[in-house]
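Here the structure is laid out as C-alpha cells; the discussion comes afterwards.
Owing to the predicted nature of the structure, the values given are computational and were not obtained by experimental measurement.
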Amino acid sequence: FNYFFTDPQFTLQAYDKGYPITFLIMFLAALLTSSLAVKLKNHARQTAQAAYRTKVLFDTNQLLQQAKGKNEIVSATANQLIKLLGKDIVFYLAENKKLSEPHIFTVSDDKTNEEITSTNEKAVAEWVQKNNKHAGATTETLSSAKCLYLTIRVNNCVYGVVGIYIGKEPLDSFEKSILLSILGECAMSLENEKNAREKEEAAILAKNEQLRANLLRA
C-alpha cells in the first residue's frame, strides 16, 4: 500500500497522518479475510477426505461381503490398498500361529518379488505376527525393512500380516487412517469366514455322529 499507491510512490515514506491508520485497517481486513479463507479450505479438504474415506470403506465392505474364501478376501483387500496407496502389497495369512506363503500384489513390474519377500522381510513379518505390533519402514522397530508391516487382527487374534512397500514416499496420516480401517474390515471378514467354516465343520461332524448312532442302533 505505502510503496505502490501513496505519494511519493516507490518509497516507504509516508507524509499523510492518515496513511498508517489506513494501512492498519487494510492489514487487519486482509488478515481476517485470509484466516477465514484458510479455515474454509481446511474444512473443504476435511470434508472431501471424509467423503473419500467413506466411499473407499463402503466399496471395501461390499467387495468383502461378496468374497468367498480366504483367497478372495485377501485379493479384494490388496486391490483396495493398491487403489488407495499406489504401492506394492505383500500378504501373509496366519495358519496355526505361523505365516503361510506370501501373496504378492504389485502396481507394476519395476520391482522384483524377491525384494519384498527376502529372508529379512519375512523375519520382520514373523516378528509382527508374533508380537502383534507394527514394524518395518517408517517405524522405530526393524526400520531397515523395505515394507511397513501391520497385523490383520481382531483383538488379540492375528489372522495375517500385510506389508506395504514404502519406497521414497511415506504414508500420510489420512492414508494411515484409511489403511487401518480397511485392515479392520479385512480382519472381520476373515473372522466371519473362520466362524462359518467352523460352523459347517461342526454341522458335518454332528451329521456323521448321527449317522454313526443310527448304524449302531440298527
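- Contact annotation: the side chain of Tyr52 never approaches that of Leu57 to less than 4.5 Å [non-hydrogen atoms, C-beta and beyond].
- Once rounded to the nearest 0.5 Å, the distance linking CD of Glu121 with CG of Leu142 reads 10.0 Å.
- Closest of all the heavy-atom pairs between Phe105 and Ala78 is CD1-CB, 3.3 Å.
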List the atom pairs, with distances to 0.1 Å, where a side-chain N or O of residues 153-162 and a protein N or O form a donor-acceptor pair under 3.5 Å, not counting sequence neighbours.
{"residue": "Arg153", "atom": "NH1", "partner": "Asn132", "partner atom": "O", "Å": "3.0"}
{"residue": "Arg153", "atom": "NH1", "partner": "Asn132", "partner atom": "OD1", "Å": "2.9"}
{"residue": "Tyr159", "atom": "OH", "partner": "Glu191", "partner atom": "OE2", "Å": "3.4"}

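- Panel note: side chain Ser143, backbone Glu140; no donor-acceptor pair is recorded below 3.5 Å.
- Residues Leu32 make up the rest of the hydrophobic cluster containing Leu36, defined by ILVMFWY side-chain heavy atoms closer than 4.5 Å, directly or through other members.
- Partners of Lys176 by side chain to side chain donor-acceptor pair (under 3.5 Å), not counting sequence neighbours: none found.
- Nearest heavy-atom pair across Gly136 and Ala145 is CA-CB, 3.9 Å.
- Remark: Thr77 OG1 to Leu64 CG distance equals 4.5 Å, nearest 0.5 Å.
- Side-chain contact check for Cys147 versus Ile166: every heavy-atom pair is 4.5 Å or farther apart.
- Contact check for Leu99 versus Leu93: no side-chain heavy atoms found under the 4.5 Å cut-off.
- Crowding of Phe174 atom CZ: a count of heavy atoms from other residues, nucleotides or ligands under 6.0 Å exceeding 12.
- Thr33 places a side-chain N or O within donor-acceptor distance of the main-chain N or O of Ala29, the cut-off being under 3.5 Å.
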Test side chain to side chain contact (heavy atoms under 4.5 Å, CB included) applied to Ile89 and Tyr165, step by step: CA-CA 6 Å; Ile89 304 294; Tyr165 185 89; over 6 Å; no

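- In this structure, the side chain to side chain donor-acceptor pair (under 3.5 Å) partners of Glu193, at least two apart in sequence or on a different chain, are Arg197.
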Verdict with reasoning, Leu150 to Ile164, per side chain to side chain contact (heavy atoms under 4.5 Å, CB included): CA-CA 9 Å; Leu150 306 97; Ile164 297 105; 3.5 Å; yes

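- When atom types are taken as modelled, the side chain of Lys87 and the backbone of Glu169 share a donor-acceptor pair closer than 3.5 angstrom.
- The side-chain heavy atoms of Glu175 and Leu85, taken from C-beta on, include a pair separated by under 4.5 Å.
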Residues Ile116, Lys122; criterion side chain to side chain contact (heavy atoms under 4.5 Å, CB included); working and verdict: CA-CA 8 Å; Ile116 58 178; Lys122 288 182 179 179; over 6 Å; no

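- Separation of atoms OG (Ser75) and NZ (Lys70) is listed at 15.5 Å; rounding is to 0.5 Å.
- A donor-acceptor pair under 3.5 Å is formed between the side chain of Asn131 and the backbone N or O of Trp127.
- Other residues, nucleotides and ligands contribute over 12 non-hydrogen atoms within 6.0 Å of the CG atom of Leu28.
- Annotation: side chain of Leu84 is not in contact with side chain of Ile82 (no heavy-atom distance under 4.5 Å).
- With a 4.5 Å cut-off on side-chain heavy atoms, Gln80 and Leu63 count as touching.
- We find the CD-CD distance between Gln62 and Glu185 to be 10.5 Å, quoted to the nearest 0.5 Å.
- Among residues two or more places apart in sequence or in another chain, the salt bridge (charged side-chain N to carboxylate O under 4.0 Å, His left out) test is passed with Lys68 by none.
- Atoms CG and CE, from Asn192 and Met188 in turn, are 5.5 Å apart once rounded to the nearest 0.5 Å.
- The environment of Glu200 atom CD is sparse: at most 12 non-hydrogen atoms of other residues, nucleotides or ligands sit within 6.0 angstrom.
- With sequence neighbours left out, Lys55 forms a side chain to side chain donor-acceptor pair (under 3.5 Å) with Asp59.
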Intermediate values then yes/no, side chain to side chain contact (heavy atoms under 4.5 Å, CB included), Arg45 and Asn42: CA-CA 5 Å; Arg45 186 180 69 253; Asn42 289 336; 3.0 Å; yes

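- Within the model, atoms OG1 of Thr141 and NZ of Lys133 stand 7.5 Å from one another, a figure rounded to the nearest 0.5 Å.
- For the pair Tyr149 and Thr139, the minimum side-chain heavy-atom distance is 4.5 Å or more.
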